[in-house]
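One structure is given below, encoded as structure tokens.
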Amino acid sequence: MAFSGAARSFCMPAIDLGRLHGRAPIAFGAGFASIAGASFRRLSPSPSKPFASLGISTDTSVKEVVQTEKAPAALGPYSQAIKANNLLFVSGVLGLVPETGKFVSDSVEDQTEQVLKNIGEILKAGGVNYSNVVKTTILLADLKDFKTVNEIYAKYFPSPAPARATYQVAALPMDAKIEIECIAAL
């Protein structure tokens, strides 16, 4: 059938979607693109921009558990960290002393120091260090502790500091003052 042969060889020129922002609605489906009121010709004679793709594997053989006794054991059905796709995903860490499973103290300063020491041990077990961390998430029981936590945090992460999000939450496990998770590049 002539239509199926044409469909297989159909080639659409690259479209710079940034230039179309706000001009026309875009709909994609079945390998075709439709832009209301727009033509499919190139908007400029400039060469196309390079394209990069990040492949994410779902193969469980590329998923490796990272565990160390030098950091607190997981409190539930999760791992201290997982290596996958050239990244190390460190679960949320509390300011617990690994040997006792109890908080170092009730102060946010002491808990923050202990959390970061615990994260350091997990990173080390995963074959990386603080300089490999690309993203952190900090959960605080009280956002008023933000400045104090920042001062301690800055001592552990060299410049350029990782991307970060900080949230105040209603409660943390075991009534912790702080919990930090991170992602590091391998």
Exercise. Taking atom CD1 of I82 and atom CD of E64, what is their separation to the nearest 0.5 Å?
Worked result: 8.5 Å
Exercise. Minimum heavy-atom separation for E179 to P173, with atom names?
Worked result: OE1-CD, 3.6 Å
Problem set entry | S107 side chain to D110 side chain, donor-acceptor N/O pair below 3.5 angstrom | yes
Seminar exercise, completed: In this structure, OG1 of T166 is separated from CG of N150 (nearest 0.5 Å) by 6.5 Å
Seminar exercise, completed: So NZ of K124 and OG1 of T68: to nearest 0.5 Å the spacing works out to 8.5 Å
Exercise. Which pair of heavy atoms, one from L87 and one from A185, lies closest together, and at what distance?
Worked result: CD2-CA, 4.0 Å
Exercise. Backbone N or O of Q114 within a donor-acceptor pair of the N118 side chain at under 3.5 Å?
Worked result: yes
Seminar exercise, completed: Taking every heavy atom of C182 against every heavy atom of T136, the minimum-distance pair comes out as CB-CG2, 3.8 Å
For this session: Quick one: name the residues clustered hydrophobically with L139, using the 4.5 Å side-chain heavy-atom rule over I, L, V, M, F, W, Y, and just say none if it's on its own.
Result: Y167, V169, L172
Exercise. Are V66 and V93 connected in a single hydrophobic cluster, I mean Ile/Leu/Val/Met/Phe/Trp/Tyr linked by side-chain heavy atoms less than 4.5 Å apart?
Worked result: yes
For this session: Measure across V90 and A81 and return the closest heavy-atom pair with its distance rounded to 0.1 Å.
Result: CA-CB, 4.0 Å
For this session: Nearest 0.5 Å please: distance from the CG atom of L94 over to the CD1 atom of I180.
Result: 10.0 Å
For this session: Using the rule that two of Ile, Leu, Val, Met, Phe, Trp, Tyr join whenever any of their side-chain heavy atoms come within less than 4.5 Å, decide whether L186 and I122 are in one cluster.
Result: yes
For this session: Please check if I178 and I152 belong to a single hydrophobic cluster, counting links between Ile, Leu, Val, Met, Phe, Trp and Tyr side chain heavy atoms closer than 4.5 Å.
Result: yes
Exercise. Mind checking whether V149 and F157 sit in one hydrophobic cluster, side chains of I, L, V, M, F, W, Y counted as touching below 4.5 Å?
Worked result: yes
Seminar exercise, completed: dist L96:CG -> Q111:CD (nearest 0.5 Å) comes out at 8.0 Å
For this session: Indicate yes or no for a side-chain donor-acceptor contact from Q80 to the backbone of A71 under 3.5 Å, with no hydrogens or angles considered.
Result: yes
Exercise. Same cluster for V115 and Y156 if Ile/Leu/Val/Met/Phe/Trp/Tyr side chains link at under 4.5 Å?
Worked result: yes
For this session: Any side-chain hydrogen bond (donor to acceptor under 3.5 Å, both in side chains) involving residues 92-102? Give me the pairs, sequence neighbours left out, ordered by first then second residue.
Result: none
Exercise. Passes side chain to side chain contact (heavy atoms under 4.5 Å, CB included), I138 versus E181? Steps please.
Worked result: CA-CA 7 Å; I138 300 176; E181 67 177 22; over 6 Å; no
For this session: Return the minimal non-hydrogen interatomic distance between P98 and K70, and the atom names on each side.
Result: CG-O, 3.3 Å
For this session: For residues L88 and G126, report the shortest heavy-atom separation together with the two atoms involved.
Result: CD2-CA, 4.2 Å
Problem set entry | NZ/NE/NH1/NH2 to OD/OE distance under 4.0 Å, E113 and K155 | yes
Exercise. CG of D175 to CG of D106: how many Å apart, nearest 0.5 Å?
Worked result: 9.5 Å
For this session: Take E109 and T148, measure what side chain to side chain contact (heavy atoms under 4.5 Å, CB included) needs, and give me the verdict at the end.
Result: CA-CA 7 Å; E109 295 88 355; T148 301; 3.5 Å; yes
Problem set entry | Distance under 6.0 Å and angle within 45° of ring axis: R164 vs Y153 | yes
